[in-house]
Amino acid sequence: MSHKHQTLGEFIIENQAAFKYSSGELSRLINSIRLAAKVVNHEVNKAGLVDIIGAAGETNIQGEDQQKLDVLANDKFIQTLTNRNIVCGIASEEEDDFISINSQDENNQNKYVVLIDPLDGSSNIDVNVSVGTIFSVYRRVTPVGTPVTIEDFLQKGNQQVAAGYVVYGTSTMLVYTTGAGVNGFTLNPAIGTFYLSHPNMEFPLDGNIYSVNEGNYIHFPQGIKDYIKYCQKEEGDRPYTSRYIGSLVSDFHRNMIKGGIYMYPKCSPKTNGKLRLLYECNPMAFLAEQANGKASDGYTRIMDIQPTELHERVPFLCGSRNMVEKAEEFIQLADPK
Ligand code: P6P
């Protein structure tokens, strides 16, 4: 089939056979994410018109104000994945604990768990800046037909079978991998169909964009400070351009297309940065590596880190391979572990 104008549905069917666990269950899982993405996209795009902007009056486990769209996106993804009886468990940034699906039904032969950040960057909603959904998929490690346990969720990122994001931007895109490269699909809202618009996405090995919240500069580890000064120095192809819009999915997406590095370092001795390992860093790291990029905490490959709790945070560097490796050099020179 000509890939020109291939739809996401056609792409999933065509590539299902290539996926080693091609039971069709993962295809149905990606299809359910596609449906939920369309529903959330519709709500995000009309947010300015109806009363769903603004905090839902509650805070999540992160202590962050829950925006109404956060709550709606969370509910929609959980509802879609649950109703279609595809997964045995879900973990979400917006849920304190993981959710066990149909655990009473010993016929529940579902073998996948999904971890999601339903609406990342939601503080941008009220100011009309792009936001995104991030998802990560694993095969369960406990016996099929039994209720999931925390160990089904605390798997290393190198065990992921799929990962991706939806970016609700000037156009809405679904970008995902099942371990055979990264492909981007753009939604035609007029007919509600995703079309393959960015086949085989790859990070350029080098880039000249660095993305970091420099408002935290004085709190950064010395190696990060040294790397930022390297980016700003008048030398060779530098200074680089600073681009940071406060939405990981959007900064990542731009850097993957143009070349660049995204950093969310430790900002104080007692914290480990802001980004969550399980449903932000691991899925973005899987995508980065599948797109010939790199993701680490400055010392260790993100996908080799053994998680110890559902909402744990890690320092995060991600993007063009040569840029991440240069940043790691500065970090390890300033503070060899
Ligand atoms: P700060 C959004 O809350 C998020 O998780 C990422 O999408 C974004 O890159 C980062 O946090 C922004 O955090 O502290 O720079 O506002």
Side-chain angles (χ1 to χ4, degrees), residues 40 44 47 53-56 58-71 73-74 77 91-95 115-136 163-169 172-173 175 209-221 224-225 228 241-256 258 260-268 270-285 287-288 293 295-298 302 310-319 323-324 327:
V40 172
V44 166
I53 271 185
E58 294 167 14
T59 61
N60 61 19
I61 190 170
Q62 327 293 338
E64 294 164 345
D65 286 346
Q66 276 195 306
Q67 302 289 326
K68 285 181 182 174
L69 269 174
D70 267 346
V71 176
N74 188 51
F77 275 93
S92 168
E93 180 191 52
E94 302 301 334
E95 301 288 336
L115 298 94
I116 54 170
D117 182 356
L119 209 58
D120 180 71
S122 54
S123 56
N124 289 315
I125 294 166
D126 294 2
V127 294
N128 205 11
V129 168
S130 301
V131 293
T133 296
I134 306 172
F135 64 90
S136 171
Y165 58 80
V166 184
V167 52
Y168 309 99
T172 293
M173 283 191 67
V175 178
I209 296 172
Y210 70 101
S211 306
V212 65
N213 183 344
E214 295 190 54
N216 298 321
Y217 181 86
I218 58 169
H219 303 297
F220 287 156
I224 292 283
K225 291 180 178 176
I228 290 172
T241 295
S242 173
R243 284 283 182 278
Y244 186 77
I245 63 170
S247 180
L248 166 60
V249 169
S250 301
D251 281 320
F252 179 98
H253 188 77
R254 180 202 55 246
N255 291 350
M256 179 158 61
K258 292 180 178 275
I261 182 171
Y262 172 97
M263 300 180 281
Y264 207 105
K266 283 168 79 86
C267 294
S268 78
K270 55 181 182 297
T271 66
N272 232 2
K274 175 182 181 184
L275 298 190
R276 274 69 72 168
L277 174 59
L278 289 183
Y279 40 78
E280 290 176 324
C281 300
N282 269 332
M284 302 312 274
L287 287 163
S296 82
D297 65 0
I302 287 291
L310 213 46
H311 299 288
E312 76 179 81
R313 302 169 193 262
V314 291
F316 189 56
L317 307 172
C318 180
M323 298 182 82
V324 173

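Here the structure is a predicted model, which is why all the values come from computation and not from measurement. In listed order, ligands and their atoms are each counted from 1.
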- prompt: Is there a donor-acceptor pair closer than 3.5 Å between any side-chain N or O of S247 and the backbone N or O of S130?
  reply: yes
- prompt: Which heavy atom of the protein is the closest neighbour of atom 16 (O) of ligand 1, given with residue, atom name and distance?
  reply: K274 NZ, 4.0 Å
Aromatic ring proximity F252/Y165, centre distance under 6.0 Å: yes
- line: Residue, atom and distance of the protein heavy atom nearest atom 4 (C) of ligand 1 read D120 OD1, 3.8 Å
statement: Quick note on ligand 1: atoms under 4.0 Å from a heavy atom of Y244 include exactly 1 (P), 9 (O), 10 (C), 12 (C), 13 (O), 15 (O)
message: If we ignore hydrogens and angles and just use 3.5 Å, is the side chain of S296 paired with the main-chain N or O of I302 as donor and acceptor?
response: no
field: Numbered atoms and elements of ligand 1 in range of E280, under 4.0 angstrom, heavy atoms
entry: 5 (O)
statement: closest protein heavy atom to atom 14 (O) of ligand 1 is Y264 OH, 2.6 Å
- request: Hey, could you give me each pair passing salt bridge (Lys or Arg N to Asp or Glu O under 4.0 Å) that has a residue in residues 243-253? Not counting sequence neighbours.
  value: D251-R254
If you look only at distance, which donor and acceptor atoms sit under 3.5 Å apart when one is on a side chain in residues 261-268 and the other is two or more places apart or in another chain?
unit_1, atom_1, unit_2, atom_2, d
K266, NZ, T271, O, 3.4
S268, OG, K270, N, 3.4
S268, OG, T271, N, 3.3
S268, OG, T271, OG1, 3.3

field: Atoms in ligand 1 flagged as close to L275, the criterion being non-hydrogen separation under 4.0 Å
entry: 5 (O)
- prompt: Does ligand 1 have any atom sitting under 4.0 Å from a heavy atom of G121?
  reply: yes
statement: Here the atoms of ligand 1 under 4.0 Å from any heavy atom belonging to L248 are 6 (C), 7 (O), 8 (C), 9 (O)
query: Just checking, is any N or O donor in the side chain of D70 or S122 under 3.5 Å from an acceptor N or O on the other one?
result: yes
field: Donor-acceptor side-chain pairing of E312 and N272 below 3.5 angstrom
entry: no
query: So which protein heavy atom does atom 9 (O) of ligand 1 come closest to, and at what separation?
result: Y262 OH, 2.6 Å
